[in-house]
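Working notes for the structure below.
Chain A is the first sequence line, chain B the second, and so forth, proteins listed ahead of strands; every chain is numbered from 1. Keep in mind that what you see is a predicted model, and the values were worked out from it rather than measured.
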Amino acid sequence: MAQFNTNQFKGGLKIILDGDPYTIVENEFVKPGKGQAFNRVKVRNLKTNRTVERTFKSGDSVEAADVFNLDLQYLYQDDEFYHFMEPNSFEQYQASEAAVGDAAKWLKPQDHCDVTLWNGVPLQVDAPNFVTLAVTETDPGVRGNTSSGGTKPATLETGAVVQVPLFIEEGEVLRVDTRKGEYVSRATES
Amino acid sequence: MTDEAPSWRPSATRETLARRAALLADVRRFMAERGVMEVDTGVIGRAPPAERGLDALSVKDAGWLAPSPEHALKRLLADGSDAIYQLGHVFRAGESGRWHNPEFSMLEWYRPGATMSDVVEETAALLATVADTSVVERVRYRDVFREHVGLDPLTAGPAALARVANERGVAPPGAPADSRVFWLDLLMSVVVQPRLGRDGPVCVSGFPADDAVLVEIEPADARLSRRFEIYWQGVELANGAQELTDPARARAAMARENEAREAAGVAPVPVDAALLAAMDYGLPASAGVALGVDRLLALMLGHDGIGAVLPFAWARR
């Protein structure tokens, strides 16, 4: 079982605490001139995303978390899981609803996602920063209003709802920034 | 891991290097004006200090890099030197972080015939002269610990200290539950110290005697050592004391520290026979203080760590 010594601690290192995988956000070495050395670390739980502070005796070791990221292609969803595939090996992975979380509303089959795996199981799925999705439902467009002005809600093919300019019509394909949940532009088919 | 070449460039800007040079010159001028003579004892010693919390770097076939010039300066005092200081590099294994570098610059000075309060005043005068700041508060360790931790550090047992550490969420795994020194160090460094010196340097004196080594014990209360620290912006800046003169107590303290090292799974160190021989010969009553020069400069310039004031910080050595 791999271990990390406190002197290897740095931002981004993945460790196991109380059975859960964590990532180190910040590491601070604390030591009085006369006395014991400590590492004060801010760690984020990769399952819950909650950040907590922990203290370690300097020189101690902590279990390393087998956590890494893969670029996976989203295939489909069934009652239980979201199914992904590694495009080179064709190996398939099943992600729980909890692991997919908010990314679910942006997932369209064939799209690629950054997936964090812990012990080979998807822990977190990040939607692509930009997705291209068709509008399935929105109020009729307002003629003559092509650039600025108000917005209206539009439902996309994945079920996500974003605010779009008034001139957007049903059936149009849009480019959306998933981090902000915002309309960017009409998608230009190439 | 990447095998990218480390940057050859300095960690400090040329402007910072100029400020650093000016600070070193100001310190030397201050010492010269007060009749403290500069000495430059070697950085390699035959034995490291026997302290539970200090690890010296060993030099193959030569000895140990000094974590402070204390032993050499005390041998000079025993030989009859008057007030002396050393301004130079010291080395501590494994101390790496925002406010730590395994190699750093220390100003350390001793005055035979002086008391601890004389040296506190002289340190305050130094800060006023070279850093244009004044010591704003003088507090007792016992009071400041009680204020921030809610326990009396002189009477609280390890179980009570551990309970507070657990309540505050700062207790590390694998803590030596019955070590008072451990819990005091933890609560002082993690709970109390970050809150000290926000409005200017603060002098804290009267530390618990549990881990005192080359420091006099308070005659009126054997639970206290005659040691002080100066903190500024939550950073430990200086550590000073009324220096221990009794070689028997020094031997006993070093033996106790080596036992504590072994209990913590750390190798004991050889004791410095030359220092003990000098104390057997006779160390004059004196007080002394050591000050971290890199930390002082970083705080003067408003940096949040010493990396930016070191010509080449550890990662760029």
For the residue pair B/Leu310 and B/Asn101, what are the closest heavy atoms and their distance? CD1-CG, 3.5 Å
I need the residue from [options] with the largest number of non-hydrogen atom pairs under 4.5 Å to chain A.
{"options": "B/Glu51, B/Arg52, B/Glu95", "value": "B/Glu95"}
{"options": "B/Gly174, B/Ser68, B/Ala175", "value": "B/Gly174"}
{"options": "B/Ser96, B/Pro67, B/Gly97", "value": "B/Ser96"}
{"options": "B/Val213, B/Val181, B/Leu54, B/Val190", "value": "B/Val190"}
{"options": "B/Leu186, B/Asp211, B/Asn239", "value": "B/Leu186"}

Using a 4.5 Å cut-off on heavy atoms from C-beta on, say whether the side chain of [Y] contacts that of [X].
{"X": "B/Met188", "Y": "A/Pro32", "result": "no"}
{"X": "B/Pro49", "Y": "B/His71", "result": "yes"}
{"X": "A/Arg186", "Y": "A/Phe167", "result": "yes"}
{"X": "B/Glu236", "Y": "B/Arg295", "result": "yes"}

Please flag which part of B/Ser189 lies under 4.5 Å from any non-hydrogen atom of chain A: side chain, backbone, both or neither. both
Given a strict heavy-atom distance threshold of 4.5 Å, which part of B/Leu184 is in contact with chain A: side chain, backbone, both, or neither? neither
Ion pair check, A/Lys152 and A/Asp139, cut-off under 4.0 Å: no
Are the charged groups of A/Asp18 and A/Arg54 less than 4.0 angstrom apart, N to O? yes
Output for pair (A/Leu13 CG, A/Thr6 OG1), nearest 0.5 Å, gives 11.0 Å
For residues A/Gln124 and A/Asp126, is any side-chain donor paired with an opposing acceptor at under 3.5 Å? yes
Taking atom CZ of B/Arg249 as the centre, report whether more than 12 heavy atoms of other residues, nucleotides or ligands fall under 6.0 Å from it. no
Might you confirm whether atom CD of A/Glu137 has over 12 heavy atoms from other residues, nucleotides or ligands at distances under 6.0 Å? no
So for A/Gln36, is it side chain, backbone, both, or neither that comes closer than 4.5 Å to the heavy atoms of chain B? both
With B/His100, which residues qualify under ring-ring contact (aromatic ring centres under 6.0 Å, His included), at least two apart? A/Phe29
Among all residues two or more places apart in sequence or in another chain, which pass the ring-ring contact (aromatic ring centres under 6.0 Å, His included) test with B/Phe145? B/Tyr141
Determine which residues belonging to residues 252-267 of chain B lie within contact range of chain A, meaning some heavy atom pair is under 4.5 Å apart, and list them by number or answer 'none'. none
With a strict 4.5 Å heavy-atom criterion, list every residue of residues 55-81 of chain A that contacts chain B, or say none. A/Thr55, A/Phe56, A/Lys57, A/Asp60
